Amino acid sequence: MIITVGNIKGGVGKTTIAVNLASHRATQGESVCLIDADDQGTATLFTEIREHELENSDYTCVAVRGAQVRSQGLSLSKKFDHTIIDCGGRDTEAFRAALTICDVLLVPTAPRSFDFWAVTQLTRLLDEVESVRDLPEIYAVVNMADATGTDNEEVKEALNDYKQIKVLDEMLVRRKAWPNAASKGLGVFEYSPKDAKAVNEFESLIKRIF
Ligand SMILES: Nc1ncnc2c1ncn2[C@@H]1O[C@H](COP(=O)(O)OP(=O)(O)O)[C@@H](O)[C@H]1O
Ligand SMILES: [Mg+2]
């Protein structure tokens, strides 16, 4: 299965979610290829830190750029149980290439209006994709959700208007454990002291996707 974690907005948690998915599947004994399709190379950096911390990242991380994401992604996906593509936060050639080959597009979005507007723009890109292929399964996940208040539900309701996108009930609340774990090259589920709420939210997302 090829999963693209993408959006045309930066800072919504794409890389955080991509590296957590890759690490989690790998620690479950599944073979995983993480494709870093963002020039900023954050997923690659995370993996280097992880290798240093654990001696072995458990998954294979490959940096692939531009249109090559399509050809490389297809051939790598034949060798691994899961191929996870982390894209940059713009409408890039790499993101478009990933959209041509993935089975699932996971779109993290924060419950804020700028982020919601970006999803509106993304749906136009998805219309273009739909003219050349059947769309992948597209899931929007609210990340950096508020621990309280009504904004999370309001944004989910607004996202529900986009027929191409399934809005997941599962959400990831904004919690310090995410950046803390990432800075050590670890998934939130591996980090100590354990943030049980963050881990539960992530595991619910995992169950939903896999
Ligand atoms: N659920 C969360 N709670 C708290 N911080 C988060 C959460 N998700 C992501 N972050 C932080 O937000 C910042 C942007 O995340 P990142 O994964 O780099 O986004 P993107 O890849 O979409 O640009 C990072 O500092 C990351 O640690
Ligand atoms: Mg990123």
Side-chain angles (χ1 to χ4, degrees), residues 3-24 34-50 53 61-66 69 84-99 102 104-112 114-119 121-122 125 138-149 151-152 155-156 159 167-191 193-206 208-209:
I3 302 179
T4 295
V5 188
N7 195 336
I8 54 176
K9 182 99 174 38
V12 291
K14 297 180 297 298
T15 302
T16 300
I17 292 174
V19 300
N20 270 275
L21 291 180
S23 305
H24 189 273
L34 175 62
I35 296 183
D36 185 349
D38 181 358
D39 297 338
Q40 289 193 338
T42 314
T44 305
L45 197 59
F46 171 91
T47 307
E48 282 167 13
I49 296 168
R50 184 175 178 81
E53 199 74 20
C61 181
V62 192
V64 184
R65 298 290 178 257
V69 169
I84 298 167
I85 309 177
D86 178 37
C87 292
R90 282 166 296 117
D91 178 357
T92 61
E93 200 177 15
F95 183 31
R96 284 177 178 250
L99 286 174
C102 64
V104 172
L105 168 64
L106 183 63
V107 183
T109 184
R112 305 274 90 93
F114 286 180
D115 301 281
F116 176 72
W117 295 338
V119 178
Q121 283 173 282
L122 173 65
L125 174 57
I138 304 173
Y139 301 127
V141 59
V142 178
N143 181 35
M144 310 196 200
D146 298 333
T148 58
D151 288 2
N152 303 330
V155 82
K156 280 194 208 170
L159 289 166
V167 185
L168 300 184
D169 290 330
E170 293 78 7
M171 288 186 292
L172 304 175
V173 171
R174 177 187 291 275
R175 302 187 191 282
K176 200 69 178 52
W178 290 96
N180 285 353
S183 69
K184 297 265 185 293
L186 298 175
V188 76
F189 57 94
E190 297 166 309
Y191 182 71
K194 177 174 169 171
D195 181 335
K197 288 179 180 166
V199 175
N200 286 341
E201 287 156 5
F202 179 62
E203 284 177 347
S204 301
L205 178 65
I206 287 271
R208 184 68 176 78
I209 297 173

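Both counts, for ligands and for their atoms, begin at 1 and track the order of listing. These numbers were taken from a predicted model, which means no experiment stands behind them.
- Of all the listed residues (Gly13, Pro179, Ala182), Pro179 holds the heavy atom that lies closest to atom 5 (N) of ligand 1.
- At least one heavy atom of Gly10 sits under 4.0 Å from some atom of ligand 1.
- In this structure, the side chains of Phe95 and Thr4 come closer than 4.5 Å at one or more pairs of heavy atoms.
- Under the 3.5 Å distance criterion, the side-chain polar atoms of Asn20 are matched with a main-chain donor or acceptor of Val188.
- Here is the list of ligand 1 atoms found below 4.0 Å of a heavy atom in Val12: 19 (O), 20 (P), 22 (O).
- With respect to Val141, the side chain to side chain contact (heavy atoms under 4.5 Å, CB included) criterion is satisfied by exactly one of Ile17, Val167, Val12, Val107: Ile17.
- Ring pair Phe189/Phe202 is parallel by interplanar angle, where below 30° counts as parallel and above 60° as perpendicular.
- For Gly11, the closest heavy-atom approach to ligand 1 falls below 4.0 Å.
- Taking a 4.0 Å cut-off on heavy atoms, Thr42 fails to register as neighbouring ligand 1.
- For the pair Thr47/Asp36, no side-chain contact is recorded, criterion being any heavy-atom separation below 4.5 Å from C-beta on.
- The N/O atoms of Lys9, backbone and side chain alike, include none that comes under 3.5 Å of an N/O atom in ligand 1.
- Taking the side chain as every heavy atom from C-beta outward, Asp151 and Arg112 approach each other to under 4.5 Å.
- Salt-bridge check for Arg96 with Asp91: passed, with a basic side-chain N closer than 4.0 Å to an acidic carboxylate O.
- Within 6.0 Å of CD on Glu203 lie more than 12 heavy atoms contributed by other residues, nucleotides or ligands.
- At a heavy-atom distance under 4.0 Å, only backbone atoms of Arg175 (N, CA, C or O) approach ligand 1.
- No N or O atom of Arg174 sits closer than 3.5 Å to an N or O atom of ligand 1.
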If you apply the rule side chain to side chain donor-acceptor pair (under 3.5 Å), what do you find for Thr15 with Asp86, and how did you get there?
CA-CA 6 Å; Thr15 302; Asp86 178 37; 2.8 Å; yes

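- Residue Asn143 has at least one nitrogen or oxygen atom sitting less than 3.5 Å from a nitrogen or oxygen atom of ligand 1, judged on distance alone.
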* **Check against side chain to side chain contact (heavy atoms under 4.5 Å, CB included), Val199 and Lys194** => CA-CA 8 Å; Val199 175; Lys194 177 174 169 171; 4.1 Å; yes

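- At least one heavy atom of Val173 sits closer than 4.0 Å to an atom of ligand 1.
- Taking only nitrogen or oxygen atoms, main chain and side chain alike, Asp86 does not reach within less than 3.5 Å of ligand 1.
- The nearest protein atom to atom 17 (O) of ligand 1, hydrogens excluded, is given as Thr16 OG1, 2.6 Å; this is a heavy-atom distance.
- In terms of protein heavy-atom proximity, atom 12 (O) of ligand 1 is nearest to Met144 CE, 3.3 Å.
- Less than 4.0 angstrom separates atom 2 (C) of ligand 1 from at least one non-hydrogen atom of the protein.
- Of the protein's heavy atoms, at least one falls inside 4.0 Å of atom 21 (O) of ligand 1.
- Distances from the Mg ion (ligand 2) show that Thr15 has an N/O/S atom below 2.8 Å.
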